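Following: one structure in structure tokens, then a few remarks.
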Amino acid sequence: MKNLFSVDGKVVVITGAAGILGTSMVKHFAEQGAKVVILDRAREQGERLAAEVKADGGEAMYLMCDVLDKAVLESNYNDIIAAYGRIDVLINGAGGNMAAATVPPEKTIFDLDIEAVRKVVELNLFGTIIPTMVFVKDMAARKQGSIINIASESALRPLTRVAGYGVAKAAVVNWTKYMCGELAIKFGEGLRVNAIAPGFLLTNQNRDLLTNPDGSLTPRSHTILAHTPFNRFGEPEELLGTLQWLASDASKFVSGTLTVIDGGFDAFSI
């Protein structure tokens with residue numbers, strides 16, 4: 001019987017792949033038999049991750065990447081095609097936030113650093129748009145491929161503090177839906193574009209917001225957990241099943257969707 005969820009042999013390209021979430025994705029897809037391309041600015045972490053995958057019997061390559069530099073991405077594209085001949089899955093995992101693009105309790109909207117907001121929007125939105133423009137070329141030529149964008153809980157409803165990040169991730173969701181139609185209508189039903197919205201996970205970018213220096217939870221964390229029916233933060237590994245579904249033939253008729261993975265946060269009110 002055919003395994004609809006198989007990604008064995010697929011070429012999976014992941015941007016921002018050396019971070020906490022990206023590392024989990026890389027190791028998972030390699031374990032599932034995919035050929036994984038690690039794209040990240042952090043050379044040391046990326047090369048170490050590729051070496052770990054190979055040591056465990058998987059297939060991976062690391063390429064230095066800047067998701068805002070189209071020329072660098074074009075070079076990455078050429079290297080990937082030279083190595084593997086095609087791209088089956090693109091996961092746009094690069095993103096992040098900056099403290100100056102937030103509005104903490106002691107400040108107001110008048111203190112917002114517009115340049116910081118601009119950088120956050122560029123990284124999260126254009127850091128999704130530009131890689132898609134570059135890497136989808138092979139998919140369009142073959143009329144086959146899956147693009148998975150990483151949105152956020154803040155794309156669904158405006159969360160306090162994260163002004164710039166929320167705006168950027170909401171735009172990523174809109175871009176996902178737009179590209180669903182754009183690609184399918186012009187290049188065929190084999191091209192799919194979806195997004196996931198992770199709930200609250202402890203990562204490097206939000207650790208200072210969610211934990212104190214001694215490791216205890218901040219008041220913001222307690223508020224989040226009080227509004228999460230599961231009453232805990234998520235784990236990176238809990239995103240993997242949805243990612244594999246979207247990367248595989250099990251989701252052949254799924255495009256333009258946003259899958260929320262948040263322990264019930266978005267569904268819960270009081």
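What's counted below: heavy atoms across the whole structure, side chains too, no hydrogens, waters or symmetry copies. Values in this document were obtained by computation on a predicted structure and should not be read as measured data.
- A donor-acceptor contact closer than 3.5 angstrom links the side chains of N149 and T176.
- Transitive grouping of hydrophobic side chains (ILVMFWY, heavy atoms separated by less than 4.5 Å) keeps I224 and F230 in distinct clusters.
- Here the shortest heavy-atom pairing between L73 and C65 reads CD2-SG, 3.6 Å.
- Under the 4.5 Å side-chain criterion, counting only non-hydrogen atoms from C-beta, L191 is in contact with V136.
- The hydrophobic clustering, which links ILVMFWY residues whose side-chain heavy atoms are closer than 4.5 Å, places Y77 and I38 apart.
- Put simply, the side chain of D214 gets close to the backbone of S216: a donor and an acceptor are under 3.5 Å apart.
- Looking at every heavy atom in both residues, G164 comes nearest to V117 through CA-CG1, 4.0 Å.
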Could you walk me through whether T211 and L202 satisfy the side-chain contact (heavy atoms from CB on, under 4.5 Å) test, starting with their C-alpha distance in whole Å, then the side-chain angles of each, then the deciding distance to 0.1 Å, before giving a yes or no?
CA-CA 9 Å; T211 61; L202 273 175; 3.9 Å; yes

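- Residue pairs meeting the ring-ring contact (aromatic ring centres under 6.0 Å, His included) criterion with at least one member in residues 90-149, sequence neighbours excluded, do not occur.
- The closest donor-acceptor contact from the side chain of S255 to the backbone of R192 lies at 3.5 Å or more, if one exists at all.
- N124 places no side-chain N or O within 3.5 Å of a backbone atom of K169 that could act as its donor or acceptor partner.
- A distance of 12.5 Å separates CG of L159 from OG1 of T102, quoted to the nearest 0.5 Å.
- Here the closest heavy-atom approach between residue S146 and residue I148 is recorded as OG-CG1, 3.9 Å.
- Between K186 and E182 there is a salt bridge, since at least one side-chain N of the basic residue sits less than 4.0 Å from a carboxylate O of the acidic one.
- The environment of NZ in K137 is crowded: more than 12 heavy-atom neighbours from other residues, nucleotides or ligands sit within 6.0 Å.
- Contact of the D113 side chain with the K119 side chain is not registered, since no non-hydrogen atoms from C-beta on lie closer than 4.5 Å.
- Every pair tested for side chain to side chain donor-acceptor pair (under 3.5 Å) that includes a residue from residues 9-26 fails, sequence neighbours excluded, so the list is empty.
- Within the 4.5 Å cutoff, no side-chain heavy atoms of R86 are placed close to those of Q144.
- Side-chain atoms of T132 and N92 form a donor-acceptor pair, as typed in the model, at a separation below 3.5 Å.
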Verdict with reasoning, D249 to K2, per side-chain contact (heavy atoms from CB on, under 4.5 Å):
CA-CA 10 Å; D249 289 345; K2 180 182 179 181; 3.6 Å; yes

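- Contact detail for P198 and A151: the closest heavy-atom pair is CD-O, 3.5 Å.
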Distance-only criterion, 3.5 Å: show the donor-acceptor pairs between side-chain atoms of residues 27-34 and protein atoms not counting sequence neighbours.
{"from": "K27", "atom 1": "NZ", "to": "E52", "atom 2": "OE1", "distance (Å)": "3.3"}
{"from": "H28", "atom 1": "NE2", "to": "Q244", "atom 2": "OE1", "distance (Å)": "2.6"}
{"from": "Q32", "atom 1": "OE1", "to": "Q244", "atom 2": "NE2", "distance (Å)": "3.4"}

Carefully, step by step, assess N174 and K177 under the rule side-chain contact (heavy atoms from CB on, under 4.5 Å).
CA-CA 5 Å; N174 187 279; K177 293 178 181 292; 5.9 Å; no

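- Residues I147 and L183 meet the side-chain proximity criterion, which asks for heavy atoms closer than 4.5 Å.
- Between the side chain of N194 and the backbone N or O of V254, at least one donor-acceptor pair lies under 3.5 Å.
- Residues passing the side-chain hydrogen bond (donor to acceptor under 3.5 Å, both in side chains) test with D69, sequence neighbours excluded: none.
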R118 vs I114, side-chain contact (heavy atoms from CB on, under 4.5 Å): CA-CA, chis, key distance, verdict:
CA-CA 6 Å; R118 195 187 312 278; I114 294 301; 3.8 Å; yes

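- S6 and D8 form no side-chain donor-acceptor contact under 3.5 Å, judged by distance and modelled atom types alone.
- The backbone N or O of V67 lies less than 3.5 Å from no partner atom in the side chain of R41, so there is not a single donor-acceptor pair.
- V134 and F187 fall within the same hydrophobic cluster, defined by Ile, Leu, Val, Met, Phe, Trp and Tyr side-chain heavy atoms under 4.5 Å apart, directly or through other members.
- Qualifying side-chain hydrogen bond (donor to acceptor under 3.5 Å, both in side chains) partners for T242, counting only residues two or more places apart in sequence or in other chains: none.
- Side-chain N or O atoms of D40 include one that pairs as donor or acceptor with a backbone N or O of A17 at under 3.5 Å.
- Between S154 and G166 the shortest heavy-atom distance is OG-CA, 3.6 Å.
- Closest heavy-atom contact between M25 and I150: CE-CD1, 4.2 Å.
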Would you be so kind as to tabulate the donor-acceptor pairs closer than 3.5 Å made by side chains of residues 259-270, with sequence neighbours excluded?
{"from": "D262", "atom 1": "OD1", "to": "G264", "atom 2": "N", "distance (Å)": "2.9"}
{"from": "D262", "atom 1": "OD1", "to": "F265", "atom 2": "N", "distance (Å)": "3.4"}
{"from": "D262", "atom 1": "OD2", "to": "F265", "atom 2": "N", "distance (Å)": "3.4"}
{"from": "D262", "atom 1": "OD2", "to": "D266", "atom 2": "N", "distance (Å)": "2.7"}
{"from": "D266", "atom 1": "OD1", "to": "R157", "atom 2": "NE", "distance (Å)": "3.4"}
{"from": "D266", "atom 1": "OD1", "to": "R157", "atom 2": "NH2", "distance (Å)": "3.3"}

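- At distances below 3.5 Å, at least one donor-acceptor pair connects side-chain atoms of T223 with backbone N or O atoms of P219.
- Contact annotation: the side chain of L90 approaches that of M139 to within less than 4.5 Å [non-hydrogen atoms, C-beta and beyond].
- Note: the hydrophobic cluster containing L258 does not contain V162 (ILVMFWY, side chain heavy atoms under 4.5 Å, direct or indirect links).
- Counting heavy atoms from C-beta outward, R48 and Y62 have side chains that stay 4.5 Å or more apart.
- No path of Ile, Leu, Val, Met, Phe, Trp and Tyr side chains, each step under 4.5 Å between heavy atoms, connects L21 with F233, placing them in separate hydrophobic clusters.
- Side chain of N78 to backbone of S75: no donor-acceptor contact under 3.5 angstrom is found.
- One finds the CG atom of L217 at 6.5 Å from the CG atom of L225 (value rounded to the nearest 0.5 Å).
- Residue E74 places its CD atom among more than 12 non-hydrogen atoms of other residues, nucleotides or ligands, all under 6.0 Å distant.
- At least one donor-acceptor pair under 3.5 Å links the side chain of D88 to the backbone N or O of V11.
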